[in-house]
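Everything below concerns the one structure shown next.
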Amino acid sequence: MENSKPKYYLTTPIYYANSRPHVGSAYTTIVCDVIARYKRMCGYDVAYLTGTDEHGVNIERAAEKAGITPQELVDKNEKIFRDLWKLLGISITDFVRTTSDDHARAVQTLVRRTMERDQHLPPEKRSIYKAKYEGRYCIYDNLYVTDTPEPANCQICGRPAELISEENYFFKLSAYQDRLLELYRTQPDFVQPDFRLNEVRSFVESGLKDVSISRKTIKWGIPWPDDPEHVFYVWYDALTSYMTGVGYGEGAGGEANPRFNEYWPADLHMIGKEIIRFHAVYWPAFLMAAELPLPKRIHAHGWLLFESEKMSKSKGNVAYAEPIVKTLGNDALRYYLLREVVFGQDGNFSREALITRYNADLANGLGNLASRTLTMIERSFQGAIPPIEAPPESTLWSKDDLGVTLAKNHAPEAVQVAQAAFERFDFSAYVSAVWQLISQVDQFLAIAKPWSVKEQHDLQAILYRAAETLRIAVVLAHPVIPEATQKIWQQLGQSGKLEDVRIDQLEWGGLKPGTKIGKIEAVFPRADKKETLEKIETMENELRNPGAPAAEPKPSAAPTTEADVPRPGGAAGATAQAAAAAATAAPAVPAKIGIEDFAKVELRVGLVKSAERIQGADKLLKLLVDIGDEVRQVLAGIAMGYTPEELVGRKVVVVTNLAPRKMRGLESNGMLLAASAGPDGKPILCTFAEDIPVGSKVK
RNA sequence: GCCGGUUUAGCUCAGAGGUAGAGCGAGGGUCUCAUAAUCCCUAGGCCGUGGGUUCGAGUCCCACAACCGGCACCA
């Protein structure tokens, strides 16, 4: 019975739909897909959710820039995501869009439920409260600028923040510190890997601040119930989609949906490490406030680096999944990512390594083994699977090492090792165990030499051993490489779908003698390295610069909108990187300003007279800068890119009419202009090619 | 600055007190069922540096360094 199966519900992050997904997002989704498929093959009824986060100011802006409506933009991007998941063979059962009616209802239901719980509490204890925020606010980044001396600059773009007064809804996160710490204590596997739990814990221990969960300044979002001037802000909206996915908020009362009750709480939220705080702190607190069950596990994986570098659009080294899938196939990418990337750590994505893996493990390994085994069965037994064992009188047993080899069946052990690895989410170990088994069959064949065996029953025993081990390997490999394994399955003469086979009930002897094998075809044709590489690169350039003659990236077309605060979809690499980098980087295409606004900024050429490090600050340098008529003390966050020594004597551009500000107890009277496009987001100071007098105005 | 991690063969990593391991790459050889595939042999690596504990230390302890995360700081 379908209903009697144990349930397993897992989610990917809800990806931010402001641009095309890169391999990083594909990685997260593939890993989840492997888990989903594996769990199904262990008898679970699996719900697997992904989706797109389609709200927020960045979408608004990107749409405006493209001259379309936000809805048109997200419709377009949502399709790209869906198409990619289809291409990658992702077995999702649910897809949530944050702009859907279902989701709006879910978010509103959740907040209503929380506020109902609140009503029994005195106002100062309520989880959700409306409060007036008075302070600095950056209109470009929609960010409240707090904890900075007045007048403050935006923490993202660095521009002066405006003084505003706005009423917003807040979530009383500060009240959940103890309960969260209790959660981490009693349920230490709530956050994995364990070192991430430590990081989360120390963050929570250091004190939590209430978070605002609505905005009046944004239009593109879900309206607050009974107060439609407000719109839900990022996390409350995005995180709730995990519940929308299984039906939360559907129907009149909204909460009694049977599907929701069956699948919630989620067994696993798979995320990238950059959004762990929101999942391991905010999300449980939101749910506690609503008195709903918490997800069982948050698993944060590392980032996928590209050729050892962080991916970023501005560097033009973002890798996409499509070119690989279209040249080497879906299985090649899936296999590579699971095999090569040690799960949890940052991993390296390299096309060359991918092709090497493809040839060595898929073509020469599994593909070739299937081919040689099946061919021999075809020739020797007219395509029928031979009987299982050699009779006791067989001469096989007396042949030195062959007797020993035959007596040792590696498959049961491999199954056990693989299963144990999977339970730890050690996917590379899982794959290794399967491929070790494959390699053992090749070794076995080299010893048994079926091609020179004359005795019919000996030959039967040998080839049965090979075919049956292949069958077991193929079952184990199916969650990772679903397409090829299904093909081999048919070539082995098996009917039905491989996904219906139980991994947890794998036993020797599943191949029935006499079964007619299918048509033999190579599942992984060998790839020429150079040729394949070129093909992939050409396609990638095309994706990076649609329409362009495959050359350098258009600098201005670069990352318009990926800054913002981290978003759920920032998982797994590039976007996250971009978000982090953009946090230090130039602002993301702001609204146009008039010349009169620009004229307010006074820029002058300065000469660095002295520079020194500041105790206890990694990035901050204290500089004395001559700007012609005076020498200013300026603090600049450029210590990651420059040593104090190399700065002295350099000419720099200084914003001279910026209000003074204290940092680390020292006053900073001005600001240096620098680009943040250096390697790893390190700052690069603005300089002049020609000599120029100190104090000159810059316009 | 605080907290955590890593540092082992060319590359990617495993090992966790008792004579240094795997895969890939490279070199040599074998077989011929197979996708110029398979199989076998070959790497002489101060196991980051310096101390210590021990009969004995990649393996435990202490310092230091480099790199990587998180926080702080900055943007």
Side-chain angles (χ1 to χ4, degrees), chain A residues 148 153-159 193-206 273-274 276-277 300 302-303 305 308 339-342 344-348 350 352-353 356-357 359-380 426 428-429 431-432 435-436 438-439 441-453 459 462-463 466 520-527 563 580-587 613-621 635-641 661 663-665 668 671-672 674-676 680-683:
Chain A
T148 16
N153 292 335
C154 172
Q155 286 161 358
I156 289 177
C157 67
R159 278 174 292 209
D194 54 356
F195 62 91
R196 294 285 168 210
L197 178 68
N198 294 337
E199 290 172 7
V200 169
R201 187 190 289 117
S202 70
F203 171 76
V204 173
E205 277 168 351
S206 72
K273 64 183 182 181
E274 73 286 350
I276 189 154
R277 187 185 302 171
W303 284 340
L305 308 177
S308 298
R339 165 74 221 227
E340 195 88 351
V341 178
V342 175
Q345 301 176 24
D346 286 358
N348 218 312
S350 145
E352 259 191 74
T356 302
R357 277 282 174 209
N359 279 331
D361 297 355
L362 297 179
N364 299 352
L366 178 59
N368 182 242
L369 176 64
S371 172
R372 68 193 303 205
T373 305
L374 290 162
T375 303
M376 285 188 276
I377 290 175
E378 177 73 41
R379 289 195 191 163
S380 307
D426 187 347
S428 43
V431 173
S432 301
W435 259 259
Q436 196 188 339
I438 289 169
S439 161
V441 183
D442 273 332
Q443 289 168 39
F444 164 70
L445 290 175
I447 295 171
K449 298 184 180 56
W451 48 90
S452 60
V453 169
L459 188 55
I462 293 166
L463 290 186
I520 305 166
E521 273 172 65
V523 287
F524 294 116
R526 264 183 82 79
T584 42
R613 294 194 171 274
I614 293 173
Q615 189 81 30
D618 270 357
K619 302 187 182 173
L620 213 50
L621 292 182
L635 305 190
I638 53 173
M640 303 300 274
R661 163 176 185 196
M663 294 184 269
R664 283 260 141 189
S668 178
M671 177 172 131
L672 298 196
S676 308
D680 305 320
K682 282 182 185 167

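Below, chain A is the first sequence line, B the second, and so on; all start at residue 1.
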Check nucleotides 37-43 of chain B for protein N or O atoms closer than 3.5 Å to its own N or O atoms and list the pairs.
residue: B:A37; atom: OP1; partner: A:R526; partner atom: NE; Å: 3.3
residue: B:A37; atom: OP1; partner: A:R526; partner atom: NH2; Å: 3.2
residue: B:A37; atom: O2'; partner: A:N368; partner atom: OD1; Å: 2.9
residue: B:A37; atom: O2'; partner: A:N368; partner atom: ND2; Å: 3.4
residue: B:U38; atom: O2'; partner: A:R372; partner atom: NH1; Å: 3.0

(request) Report the distance from atom CD of A:E199 to atom P of B:G69, rounded to the nearest whole Å. (result) 11 Å
(request) Send over the distance from A:D361 CG to B:U12 C1', rounded to a whole Å. (result) 13 Å
(message) Strictly by Watson-Crick or wobble contacts shorter than 3.5 Å, is anything paired with B:G44, and which nucleotide is it?
(response) none
(request) With a 3.5 angstrom cut-off on both distances, give the Watson-Crick or G-U wobble partner of B:C2, or none if there isn't one. (result) B:G70
(request) Please state how far atom CZ in A:F203 lies from atom P in B:G70, giving the value in whole angstrom units. (result) 13 Å
(request) Could you tell me whether B:G58 is syn or anti, where syn means a glycosidic angle within 90 degrees of zero? (result) syn
(request) Can you tell me, in whole Å, how much space there is between the C1' of B:A57 and that of B:U49? (result) 16 Å
(request) Tell me which nucleotide among B:U32, B:G23, B:A34 gets nearest to the side chain of A:R379. (result) B:A34
(request) Looking at every strand, decide which applies to A:V523 at a 4.0 Å heavy-atom threshold: base, sugar-phosphate, or nothing. (result) base
(request) For the side chain of A:W451, starting at C-beta, report the closest nucleotide among B:U35, B:U32, B:G70. (result) B:U32
(request) Provide, to the nearest angstrom, the distance between the CZ atom belonging to A:R196 and the P atom belonging to B:G69. (result) 10 Å
(message) Does the structure show a Watson-Crick or G-U wobble partner for B:A16, both distances under 3.5 Å? Name it, or say none.
(response) none
(message) Closest-nucleotide mapping onto RNA chain B: is A:S206 or A:L366 further toward the 5' terminus? I mean the 5' end.
(response) A:L366
(message) Only pairs with both distances under 3.5 Å count, Watson-Crick or wobble alike; so what is the partner of B:G23 in this structure?
(response) B:C11
(request) Could you give the distance separating B:A14 and B:U59 at their C1' atoms, to the nearest angstrom? (result) 13 Å
(request) Tell me, with the steps shown, if A:S432 and A:R339 meet side chain to side chain contact (heavy atoms under 4.5 Å, CB included). (result) CA-CA 7 Å; A:S432 301; A:R339 165 74 221 227; 3.4 Å; yes
(message) Suppose we define a pair by two distances each less than 3.5 Å, Watson-Crick or G-U wobble; what does B:C39 pair with here?
(response) B:G29
(request) Using Watson-Crick or G-U wobble geometry with both distances below 3.5 Å, tell me the partner of B:A63, or none. (result) B:U49
(message) Tell me whether A:S202 contacts the main-chain N or O of A:E199 through its side chain, where contact means a donor paired with an acceptor under 3.5 Å.
(response) yes
(request) Round to the nearest Å and state the distance from A:N359 atom CG to B:A36 atom C1'. (result) 12 Å
(request) Kindly indicate whether the side chain of A:W451, heavy atoms from C-beta on, has any atom under 4.5 Å from the side chain of A:R379. (result) no
(message) I need the CD-C1' distance between A:E340 and B:G23, as an integer number of Å.
(response) 10 Å
(request) Determine the minimum heavy-atom distance between A:A300 and A:I276, stating which atoms define it. (result) CB-CD1, 3.7 Å
(message) Please report the distance separating the P of B:C40 from the corresponding atom of B:A22, rounded so that it comes out in whole Å.
(response) 12 Å
(message) Please report the distance separating the C1' of B:U54 from the corresponding atom of B:C60, rounded so that it comes out in whole Å.
(response) 9 Å
(message) In whole Å, measure the gap between the C1' atoms of B:A43 and B:U8 for me.
(response) 14 Å
(request) Check whether the side chains of A:S439 and A:Q443 place a donor and an acceptor atom closer than 3.5 Å, and report yes or no. (result) yes
(message) Distance check needed: B:C31 P versus A:M376 CE, whole Å only.
(response) 17 Å
(request) Would you indicate what A:R277 reaches in the nucleic acid, counting non-hydrogen atoms under 4.0 angstrom: base, sugar-phosphate, or nothing? (result) sugar-phosphate
(request) With P as the reference atom in both, quote the distance from B:U7 to B:C47 in angstrom, rounded to an integer. (result) 14 Å
(message) Between B:A72 and B:A16, how many Å separate the two P atoms, rounded to a whole number?
(response) 36 Å
(message) Contact between A:N364 and A:R526 at the side-chain level, heavy atoms closer than 4.5 Å - yes or no?
(response) yes
(message) Under 4.0 Å, counting only non-hydrogen atoms across every strand here, what does A:S202 touch: a base, just sugar-phosphate, or nothing?
(response) nothing
(message) Distance check, C1' atoms only: B:C13 and B:G25, in whole angstrom units.
(response) 15 Å
(message) Can a donor-acceptor pair be found, under 3.5 Å and without considering hydrogens, that links the side chain of A:N359 to the backbone of A:A527?
(response) yes
(request) Could you tell me the separation between the CZ atom of A:R357 and the C1' atom of B:C24, rounded to a whole number of Å? (result) 6 Å
(message) Under a 3.5 Å distance rule, please check whether A:W435 uses its side chain to pair with a backbone N or O of A:D361 as donor and acceptor.
(response) yes
(request) Using atom types as modelled and distance alone, determine if a side-chain donor or acceptor of A:T373 lies under 3.5 Å from a backbone N or O of A:L369. (result) yes
